[in-house]
Amino acid sequence: MSTVPWTGTDRRLLGLRLGAGAAVVVVAWFVASGKPEPAGQIPFAALSVLGGLLGMYGVFAWVARGRRLVGERARFLLGVAPATDVDVASAETLVAGREHAWFHRADCLLAASRQWPSADRTVHQRAGRRPCPACKP
Ligand SMILES: [Zn+2]
């Protein structure tokens with residue numbers, strides 16, 4: 001397996017785009033240099049900008065292709081991460097801090113290890129607390 005993600009075709013495309021962009025810049029510069037008035041040079045200056053953009057497109061397309069190929073290789077080597085529900089709270093016990101606006105499931109990451117007292121939902125609601133949007137009790 002190659003140590004670089006790009007193929008020979010990718011390298012040739014990069015060279016072609018960079019070369020075409022450079023050629024446009026050089027031709028525009030050459031033609032503009034023969035024009036005595038600035039008004040005659042401006043269209044060729046704009047053309048040279050397009051040549052530069054063509055070269056930059058070649059580089060960005062090359063990098064994007066490399067990133068995609070590296071991602072494909074990483075998925076091939078590492079596989080897809082299994083779905084997990086490790087951090088999904090499911091406890092039926094509802095807890096809240098006395099001065100807090102939310103009540104949580106006891107195993108919510110926002111409530112774990114806080115030693116908050118448990119109470120019924122109606123008690124929490126009467127105290128003006130709302131259900132935590134993370135654990136959705
Ligand atoms: Zn919560």
Side-chain angles (χ1 to χ4, degrees):
M1 187 174 265
S2 172
T3 56
V4 295
W6 297 280
T7 63
T9 302
D10 298 325
R11 285 188 210 98
R12 281 188 290 280
L13 261 176
L14 172 66
L16 182 71
R17 290 170 177 154
L18 281 174
V24 168
V25 169
V26 168
V27 167
W29 178 47
F30 182 75
V31 173
S33 67
K35 304 285 182 188
E37 297 297 321
Q41 296 174 351
I42 288 176
F44 297 101
L47 185 63
S48 70
V49 170
L50 289 178
L53 290 175
L54 178 60
M56 285 195 296
Y57 166 73
V59 171
F60 286 128
W62 183 68
V63 170
R65 169 106 172 117
R67 288 178 51 92
R68 188 172 61 248
L69 292 172
V70 167
E72 287 173 7
R73 186 178 293 178
R75 281 188 293 282
F76 173 74
L77 292 173
L78 304 174
V80 178
T84 178
D85 58 353
V86 170
D87 56 352
V88 174
S90 60
E92 295 299 320
T93 305
L94 303 177
V95 298
R98 298 206 184 284
E99 301 299 323
H100 289 82
W102 309 100
F103 61 94
H104 306 262
R105 295 178 186 274
D107 56 351
C108 174
L109 291 176
L110 300 173
S113 75
R114 293 201 177 203
Q115 311 301 325
W116 284 337
S118 63
D120 287 339
R121 175 180 299 271
T122 54
V123 172
H124 288 303
Q125 288 173 333
R126 261 190 256 129
R129 297 184 195 109
R130 291 169 286 155
C132 165
C135 62
K136 298 182 175 99

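Indexing begins at 1, ligand by ligand and atom by atom, following the structure's order.
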Ser33 vs Phe44 side-chain heavy atoms within contact, under 4.5 Å: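 A side-chain contact under 4.5 Å is absent here.
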
Got a sec, which hydrophobics cluster with Val95, joining ILVMFWY side chains under 4.5 Å apart, including via others?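 Result for Val95 is Trp116.
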
Can you list every pair that meets side-chain hydrogen bond (donor to acceptor under 3.5 Å, both in side chains) and has a residue in residues 128-137, with sequence neighbours left out?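 side-chain hydrogen bond (donor to acceptor under 3.5 Å, both in side chains) check on residues 128-137 returns His124-Arg129.
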
Tell me the ring pair (Phe, Tyr, Trp, His ring centres under 6.0 Å) pairs involving residues 4-32, sequence neighbours left out? Trp6-Trp62

Nearby protein N/O/S atoms (those under 2.8 Å) for the Zn ion (ligand 1), with water ignored: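 Listed by chain and number, the atoms are His104 ND1, Cys108 SG, Cys132 SG, Cys135 SG.
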
More than 12 non-hydrogen atoms from neighbouring residues, nucleotides or ligands closer than 6.0 Å to CZ on Arg67, yes or no?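 Count not over threshold, so no.
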
Shortest non-hydrogen contact between Ala134 and Leu110, atoms and distance: CB-CD1, 4.1 Å

